[in-house]
Amino acid sequence: MSDIGYRKIIVDGLWHNNQALVALLGLCPLMAVTNSLVNGLGLGLATTAVLLLSNLSVSTIRHWVRPEVRLPVFVLIIASFVTAVELVMHAWFHELYKILGIFIPLIVTNCTIIGRAEAFASRNPVLASATDALAIGFGFTAVLTLLGASRELIGQGTLLSGAHLLFGEAARAWEVTVNPDYPGVLLAILPPGAFMGLGTLIALKNLIDRYFGQRGTETAPAPTPQPEQA
Amino acid sequence: MDELRHPIWDFHGGLHVDDRKALSNGSPIRQAAVPKRLQLPLQQHIGRHAEPVVEVGERVLKGQLIARASDYVSANIHAPTSGVVTEIAELPIAHPSGLPAMSIVIEADGEDRWAELPEPIADYRDTDPADLRERLRWAGIVGLGGAVFPTSVKTNVTGRKVDTLIINAAECEPYITCDDRLMREQPAQVIAGAEILCHIVGASQILIGIEDNKPEAIAALRETLSTRGPDNIQLRVVPTKYPSGGEKQLIYLLTGVEVPSQGLPLDVGMVCQNVATAAAVADAVLQGRPLISRIVTVTGQAVAQPGNLEALIGTPVSDLIDQCGGYRPSIHKLIMGGPMMGFGLPSDNVPVTKGSNCLIAATAEESPDPVKASPCIRCGECVKVCPAQLLPQQLYWYARARDFDKTQDHHLFDCIECGCCAYVCPAHIPLVHYYRFAKTEIWASEREREKAEHARRRHEFREARLKRLEEERKARLRKKKEALAKKPEGGKDPKKAAIEAAMQRVAAKKAAQASAGVSPENEKH
Amino acid sequence: MNERAPSPWRTALTAAAVLGFFAVLGSALVGVAYQGTAERIAQSEREALLRQLNAILARHEYDNDLLNDYLDVSAPKRLGAETTRVYRARRQGKPVALILSPVVAQGYSGAIDLIVGIRVDGTLAGVRVLSHKETPGLGDRIDERKSPWILGFSGKSLDEPPLSRWRVKRDGGDFDQFTGATITPRAVVAAVKEALLWYRAQGPKLFEVPPQVEKTRHE
Amino acid sequence: MEFPVASSPHLRGGNDIQRVMGQVLLALLPGVAALWWYFGWGVIINLGLAIFTAVFWEWVVMRLRGRDPRPVIGDLSGILTACLLAVALPPTLPWWQTMMGTAFAILVAKQLFGGLGYNPFNPAMAGYALLLISFPADMTRWLEPSVISGHSLGFTEAWNAIFSGIAPSSQGWDAVTGATPLDHMRTELSREHLISEIRQSPAWGDFGGRGWEWVANWFLLGGLFLIWRKIISWRIPVAMLAALALVAGIFWVIDPDIHPSPAFHLFSGAAIFGAFFIATDPVTASTTPRGQLIYGALIGVLVYIIRTWGGYPDAVAFSVLLMNMAAPTIDHYTQPRVFGERETQDE
């Protein structure tokens, strides 16, 4: 346990074990809120916050919790943090909170969080667990943001619309309109667009993996990724 | 008219194909010339191959038994003419696999001298059906419609009640006219055979099913029937539709009774025999002749003079083609059997066998080469024509995906491989090919499973036996120790004791084997 | 561990204790978070509501505590909703405008909640959509984020245009409909007209009622 | 002599996919001609655009997959998809929308799933749904039939409208476009007009809208041709139309003032076209005989439900796509009884 490669934790969390693209976890909120960049980013950050807090606490208490009550305890911890995060968002990001609606409390059901608590934090030291939480969280956030951005761009031809919801009034001007005459492909911001968008992102990731995988074998034997030491 | 009083039930699906029978149905049956060299494969029937009873160099007479049925489901083979056995070897035969098979080769001496034949049984009505079946078994008669199942086995209805004998005269495949000609020229022979079969299976009535595209044959049979006394034979004319000659389809057409899925006609109290088989039965019983020849339709656009030949079993296909004027230059394919269910011959250097009812020398227009299959569009044409009411496109889908459990759920084994689905398929998918593939795979895995099961059982027996032997050995050692302890001085000669012990061991081993039911032979395979 | 198996009772009790401990801990965390945010949340709610109202009536046009000067009225026939809250804007004690929330219109696929501001002289201060279920791309252009159509109500009254022309153009009125969708704008126009008619009937006396205590019926 | 061998049967029926698709294309002709008559040249331009796009993308995909594109384009299935889609589009739809819808139909709905035979959803309707959801305003902007407006779009007018967005009249789009009968009916009903009042408008014919009902009739003719040629089975269209008529009939009997008659439902919108040309797409429909009845009937019921209570005026595309998803399940539970299988046999 002492020689955990932080580099590997980070790369796995962001890419090889990306929760949205590889593990296909947390898809319900992912599909539902990614109709704009800001919504995606907002939910991604909220999820990351919960993930970090839950990983930290689970890792801290990992030696004291009996196996038979482990899962209920984890759920308790996660639910508490989610409620706290929800309250905080309600207080300081009111409009975004209204838009994200039910998906904030639903973070509690996001399998990523209980999954990381169980698979990683309950077996690894605190610092490693925090790293894992951040890597996984940012990996998830990146997908949400990317999906939100592409759906927003295709759907209504803008980027960063509603940035003030997250970054304050000053960000109102950040909104980019690519082409004012763009009619917008509504399908992209409606639910079917989420499925197609996510499918395309998964395909893209596989394509990139294959491309580098092939190139790697052609030039030099790339270090084969070790199976995760859990 | 009998047939008018009875409804004809129409089965689901089927095809109206151009029957192309006019090519050959006008030609009376001719005797084919006795070839110089005859090749008789040991397996011309369903079941185990026959065992040769002659040796190379041996002289044989016409009708002499040259290979004996080696099992219950097997058939005798007789010499079709007199001559010398010159070879017993693996030679190419007419078989879809294209693989060679063990055959007996006879060099004809041209004398065509008959061997001594068994007495005719003229009073067959007073003869025990078992004796008549024995005669059919001796004569090596198999189903001549193409199925080549031993007739003596099929007519063994011991313990089952049979009320109807169906005589299959439908001859539904295009091109084939050998049964048609037989009925036109020898109707009495056919009827006589039917009556003998009726007596053997103990049926109370005979129904002859014939397609309405053979008016002359219908007339000839009717004429013969009209001169007969008892009225238990009915001729029923069915509309021409392929595959009305399928056993289950014909039974349904004539009686409205469905043979159960994966069952036999016997399950509904019926036995079905082909007309040519009936004629062969009449030959065997009334004249004591074995099955050494059959009528073969030689037809197709690419043969000069299509016709029907009575050919000795073992005659090379090329001989028959030559006797019909040879190929035309447009020859493209040679098919044995009907165009729907027959198989392509890679070469004409193969013999006619008991099941060879037809040879089609086809031009490319008649029988085009398969084109590249397109994807299935699930149009459902195959569902419409399937006489077994299957879902051919689903079967295809699962067979292709090697999901054989699903193919069986979709009743793969009710498929009669009639080819209707492939005929109508707009995507040109060789559907029947996929079904055969799936069936073969399932059979193979079944055999594997049986083998594994067998091996497992054997292993268990062996383990049990070894354990018992070990226990016995320990017990003996204990006894010996006790005996030694009791009699330290030893009343017996130690050598003698050792021999006795060895003998005991052998006896124990034998007993163990016997109790486990494993004989050394069984252990070998 | 292996030699001395703990009694099942002991195991269960320890487990229960651990679970209980974390339950208390979690509740404490939520409690603290609630305490820390309650005030801020209330403030955010007020700010959000005020932003909505200010979008209709600019901040500088009134000087009273708008959020606390309201009536709850029930006029379902005119305003579409069982209860509509009426905020009363005043400047130096004089009536300026009423803001009605919600006014409900029956759209193509369900209710459309509107917020309608009416100045004391009977002209419209503004109309906005609070929520709707209209078909994306067709009826949803009543939303100011999709098209400026809804902003066109500002300054209109029952005299300008005249009452008979409070319809969409297709029906011979003054208001644009959207291509492909007539039902939605028609419903909104009708609802706004009804709200104005309600105001005309109730008149300035609405400003005289003391701030909300009970629901009063004003048909 | 040596001969080539092949698997039985050695005979071939004359059927092939190209012939099937070709006959469906042929059967579209009367309906297309009627559309052209009532709505002008835009119909033909749309067809051309869609066919061009479909062929282009099929060619590209086959090249990318390293296969010969000719047999795939030659089986006419892509062209048929393009035609079915184009026929359903408003005749002045901007060119890039037509091309986008066709590209989606061919690339995503058909080729991404593996091409002809592997697509779970009807490609033409998938393309249609994409366009309707994305551009509902353009997609519901239909010209008035020439029998009402007294004017049929000439080639140049249609060309300009499609490629430059120039309205084919000096008074703008509103002067030449109108609500489709279904849309009109629903709008008027929402204003609490009675059907007897609504039907007094000259825009109404015998069953549905003037002009529109004749388009439906000509598609019906093409559909009957397909049944006669045994290209499609009667089950799906009959079940679909009967179910639609039955449900509409029930409501109509309850209150004919606010529920349009069954005949209106049958001869308006895409009911007839959909029943014969869309729902019957063999790849995506149910294939068992009983399954086809269920599949068709459920489409009919869904059409009524979505038309009456849904967010879009017509419903054939959505109903068909929804039932496409259900087709494999329906097939599974409606396998025909195999010859000789006992009725009582439990499985």
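Here the structure is a predicted model, which means the values were calculated and not measured. Residue numbers start from 1 in every chain, and the chains themselves are labelled A, B, ... in the order their sequence lines are given, proteins ahead of strands.
For the pair A:H94/C:E45, a side-chain contact is recorded, criterion being any heavy-atom separation below 4.5 Å from C-beta on. A heavy-atom distance below 4.5 Å is not found between the side chains of C:F21 and A:V73. With a 4.5 Å cut-off on side-chain heavy atoms, A:I77 and C:F22 count as touching. Looking only at side-chain heavy atoms (C-beta outward), C:L29 and A:T83 stay at 4.5 Å or farther from each other.
Within 6.0 Å of OH on A:Y182 lie more than 12 heavy atoms contributed by other residues, nucleotides or ligands. Other residues, nucleotides and ligands place no more than 12 heavy atoms under 6.0 Å from the NZ atom of C:K146. Counting non-hydrogen atoms of neighbouring residues, nucleotides and ligands closer than 6.0 angstrom, the CZ atom of C:R128 exceeds 12 such neighbours.
Interface remark: A:F81 contributes backbone and side-chain atoms alike to the contact with chain C (heavy atom separation under 4.5 Å). Contacts of C:R51 with chain A are made by side-chain atoms alone, with heavy-atom separations under 4.5 Å and no backbone atom involved. Looking at C:E39, neither its backbone nor its side chain comes within 4.5 Å of chain A, counting heavy atoms on both sides.
Between the CZ atom of A:R70 and the CG atom of C:L19 there is a distance of 13.5 Å, given to the nearest 0.5 Å. C:Y34 OH to A:H90 NE2: the interatomic distance, rounded to the nearest 0.5 Å, is 10.5 Å.
Closest heavy-atom contact between A:L87 and C:I41: O-CD1, 3.7 Å. Residues A:S80 and C:G26 approach most closely at OG-CA, 3.2 Å, considering heavy atoms.
C:S44 places a side-chain N or O within 3.5 Å of a backbone atom of A:A91 that can act as its donor or acceptor partner.
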